[in-house]
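Values in this document were obtained by computation on a predicted structure and should not be read as measured data. Numbers restart at 1 for each chain; the letters A, B, ... are given by sequence-line order, proteins then strands.
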Protein chains: 2
Amino acid sequence: MAENDCRTNLIAAAIPMFAAKGLNGVSVRDIAREAGVNLSMISYYFGGKEGLYAAVLTDQFASLLKIEDIDRMEVDTLQKFEMYVRAIVTRYREYPYLLRFYTSELTNPTPCFETIVKPAIKRVIEILITAFSKGFSHQEFRDNLHPVDSVLSLAGMINFYFLIEPVTEGLIDHSQNRDEELIRHIMDIFTRGVLKS
Amino acid sequence: MAENDCRTNLIAAAIPMFAAKGLNGVSVRDIAREAGVNLSMISYYFGGKEGLYAAVLTDQFASLLKIEDIDRMEVDTLQKFEMYVRAIVTRYREYPYLLRFYTSELTNPTPCFETIVKPAIKRVIEILITAFSKGFSHQEFRDNLHPVDSVLSLAGMINFYFLIEPVTEGLIDHSQNRDEELIRHIMDIFTRGVLKS
DNA sequence: GTCTATATTGCGATAGAC
DNA sequence: GTCTATCGCAATATAGAC
C-alpha cells in the first residue's frame with residue numbers, strides 16, 4: 001500500500017460503516033478489513049477508534065459549513081432561504097452519509113457532538129436567523145412570527161424529508177429527479193407561510 | 001424484589017439508557033445495576049439484550065399509535081392536522097425518550113426497525129396523507145401541491161423542533177411553556193402555505 | 001424466580017520484529 | 001510505515017445451586 005493511502009482508505013471505509021451502525025456498532029477489525037489495511041494502522045494514524053471517528057466527522061461536517069457563503073450574498077431574504085434549501089439538498093446528494101452523522105450525533109451524542117457537530121449546525125442556524133431577522137425588520141414577514149421557530153420550520157421541512165426516507169421510500173420517489181420539485185414545493189409552503197399577504 | 005417487578009424495573013431502567021446511547025452503547029451489566037436487578041434476569045425475562053430492547057420499543061411506539069384516533073374524527077381537514085401536531089407534542093412530553101428511539105432507528109436501524117418502528121411511523125403518515133387527499137379533493141388546498149410532500153413538511157416542522165433541541169437550547173425556550181405558541185406558529189405557516197388564498 | 005460463578009467470545013490497543 | 005502476535009479487559013449468555 002503506497003504512502004499514506006492507509007489513512008485515506010481507512011476514512012473512506014469507515015464513513016459508510018459508522019454511518020450505518022454508529023460509533024459503537026462497528027469494530028476496528030471490521031473497518032480495517034474493509035479498508036484492506038492492517039488493524040494497527042488505526043492507532044498509528046488516528047490514535048484509536050474514536051480518533052478515526054472524529055476524523056470522519058471533521059471531514060463530513062466541513063462540507064456543511066460551505067453553506068456559510070449564503071451569509072455574504074447580496075440577495076433578498078427569501079432568495080437566501082431558497083439558497084439554503086438548495087445547498088442542503090446538494091450536500092446530502094454529494095455526501096450521502098452526512099445526514100446520518102447529523103441525526104446520530106443529535107440523538108446519541110459522542111464527545112464529537114460538542115466539538116464538531118454542534119458548532120457546525122449552530123452556525124448554519126444562526127445564519128438563517130440573521131437572514132430572517134433582517135427581512136423581519138424590513139417588514140417583509142408577518143409580524144407575529146418568531147424568527148427561530150420560523151427558520152427551524154424551514155430546516156425541519158427539508159431535513160425531515162431525507163430523514164424519513166426509510167419509511168416513505170415506498171410512497172414517494174426520493175431520487176434526485178424530484179429534487180427541483182421538492183425545493184419548489186417547500187419554498188412555496190414556506191413563502192406563503194411567512195410572507196405578508 | 002416482589003413478583004415480576006424485575007421485568008418492570010428492567011424496562012424502566014433501560015428506556016433512558018438505550019435512548020441516550022443506542023442498543024450498542026449500553027451493556028446489560030449497566031442496565032441490571034441501574035435497575036437493581038440481577039444480570040441474569042435479562043435473559044430470563046427477555047431472552048437477552050435484544051429482547052429487552054424490543055420490549056422497550058414496543059412500549060414506546062404503542063403510544064405513538066394512539067394518534068390513529070384522528071382518522072375517525074368528524075372534523076375538517078385543517079383541524080385534523082392541528083390535532084396531529086398537538087398529539088405529537090403531547091406524546092413527546094409524556095414520553096421524553098420516544099423521539100430518540102424514533103430517530104435512532106431511522107438513522108441506525110436495528111432488526112426492530114422493520115417490525116416495530118417502520119409500521120408505526122408509516123401508519124401515522126398514511127393517516128395524514130388520507131386526510132390531506134380528502135381536503136384536496138374538496139379543493140380546499142392549492143392544486144399544485146403534492147399530498148406526500150405537504151404532510152411530510154408538516155411532520156418535519158414539528159419533529160425537527162424537538163430533534164434539534166440539543167443545538168438550539170441556548171437560542172430558544174424548549175420548555176412546555178411555549179408549546180401552545182409553537183403549535184400556533186407551525187399551524188399558521190402550514191395553513192397559509194397550503195390553503196387557497 | 002433469583003442468585004453466584006463461570007464459559008466463551010470479541011473488543012481496543014500495543015509491543016516488538018522488520 | 002507496516003506487520004504479527006498477544007495482552008488485558010469487557011461483552012453476552014448460561015449452568016447450576018438455592
Determine whether A/Thr168 and A/Tyr161 make a side-chain contact, defined as any pair of heavy atoms from C-beta on separated by less than 4.5 Å.
no
Taking N or O atoms only and anything under 3.5 Å, show me the protein contacts with nucleotides 4-9 of chain D, one pair per line.
{"from": "D/dT4", "atom 1": "OP2", "to": "A/Asn38", "atom 2": "ND2", "distance (Å)": "3.4"}

Atom CZ of A/Phe18 to atom C1' of C/dG12: distance rounded to whole Å?
12 Å
Hits for ring-ring contact (aromatic ring centres under 6.0 Å, His included) against B/Tyr95, two or more places apart or cross-chain, chain-then-number order -> none
With respect to the side chain of A/Ser43, which nucleotide from D/dT2, C/dT2, C/dT14 is positioned closest?
C/dT14
To 10°, what angle do the rotation axes through the five end pairs on each side of the helix from C/dG1-D/dC18 to C/dC18-D/dG1 form?
0°
Quickly work out the B/Asn24 CG to C/dG10 C1' distance and round it to whole Å.
13 Å
Close approaches to DNA chain C from residues 47-59 of chain A, in residue order (heavy atom, under 4.0 Å)
A/Gly48, A/Lys49
Whole angstroms only, please: what is the CD1-P distance between B/Ile31 and D/dA10?
17 Å
Interatomic distance where CZ belongs to A/Phe46 and P belongs to C/dT14 [whole Å]
15 Å
Would you please name every residue forming a ring-ring contact (aromatic ring centres under 6.0 Å, His included) with A/Phe113, sequence neighbours left out?
none
Sequence neighbours left out, what passes side-chain contact (heavy atoms from CB on, under 4.5 Å) with A/Gln176? Give chain and number order.
A/Arg93, A/Asp179
Between A/Arg72 and A/Asp69 (salt bridge meaning N to carboxylate O under 4.0 Å), is one present in this structure?
yes
Show me the donor-acceptor pairs within less than 3.5 Å that the side chains of residues 150-159 of chain A make with the rest of the protein, sequence neighbours left out.
{"from": "A/Ser150", "atom 1": "OG", "to": "A/His146", "atom 2": "O", "distance (Å)": "2.7"}
{"from": "A/Ser150", "atom 1": "OG", "to": "B/His185", "atom 2": "NE2", "distance (Å)": "3.4"}
{"from": "A/Ser153", "atom 1": "OG", "to": "A/Asp149", "atom 2": "O", "distance (Å)": "2.9"}
{"from": "A/Asn159", "atom 1": "OD1", "to": "A/Tyr92", "atom 2": "OH", "distance (Å)": "2.5"}
{"from": "A/Asn159", "atom 1": "ND2", "to": "A/Ala155", "atom 2": "O", "distance (Å)": "2.8"}

Rounded to whole angstroms, how far apart are NZ on B/Lys21 and P on D/dA10?
14 Å
Judged by nearest nucleotide, the residue sitting upstream toward the 5' end of DNA chain C, A/Asp30 or A/Tyr44, is A/Asp30
Tell me, please, which residues at least two apart from B/Tyr102 pass ring-ring contact (aromatic ring centres under 6.0 Å, His included).
none
Whole-Å gap separating C1' (C/dA15) and CE (A/Met41):
13 Å
Of the options C/dG1, C/dG12, D/dA11, whose atoms approach the side-chain atoms of B/Tyr45 most closely?
C/dG1
Contacts table for residues 10-27 of chain A: side-chain donor-acceptor under 3.5 angstrom, sequence neighbours left out:
{"from": "A/Ser27", "atom 1": "OG", "to": "A/Asp30", "atom 2": "N", "distance (Å)": "3.2"}
{"from": "A/Ser27", "atom 1": "OG", "to": "A/Asp30", "atom 2": "OD2", "distance (Å)": "3.3"}

Does anything in residues 114-133 of chain B pair up under side-chain hydrogen bond (donor to acceptor under 3.5 Å, both in side chains), and if so which pairs, sequence neighbours excluded?
B/Glu68-B/Arg123
Quiz: residues 186-197 of chain A side-chain donor-acceptor pairs under 3.5 angstrom, not counting sequence neighbours:
{"from": "A/Asp188", "atom 1": "OD2", "to": "B/Arg142", "atom 2": "NH1", "distance (Å)": "2.9"}
{"from": "A/Thr191", "atom 1": "OG1", "to": "A/Met187", "atom 2": "O", "distance (Å)": "2.5"}

Side-chain polar contacts of residues 50-60 of chain A - donor-acceptor pairs under 3.5 angstrom, sequence neighbours left out - could you list them?
{"from": "A/Tyr53", "atom 1": "OH", "to": "A/Glu105", "atom 2": "OE2", "distance (Å)": "2.6"}
{"from": "A/Thr58", "atom 1": "OG1", "to": "A/Ala54", "atom 2": "O", "distance (Å)": "2.8"}
{"from": "A/Gln60", "atom 1": "OE1", "to": "A/Leu98", "atom 2": "N", "distance (Å)": "3.4"}

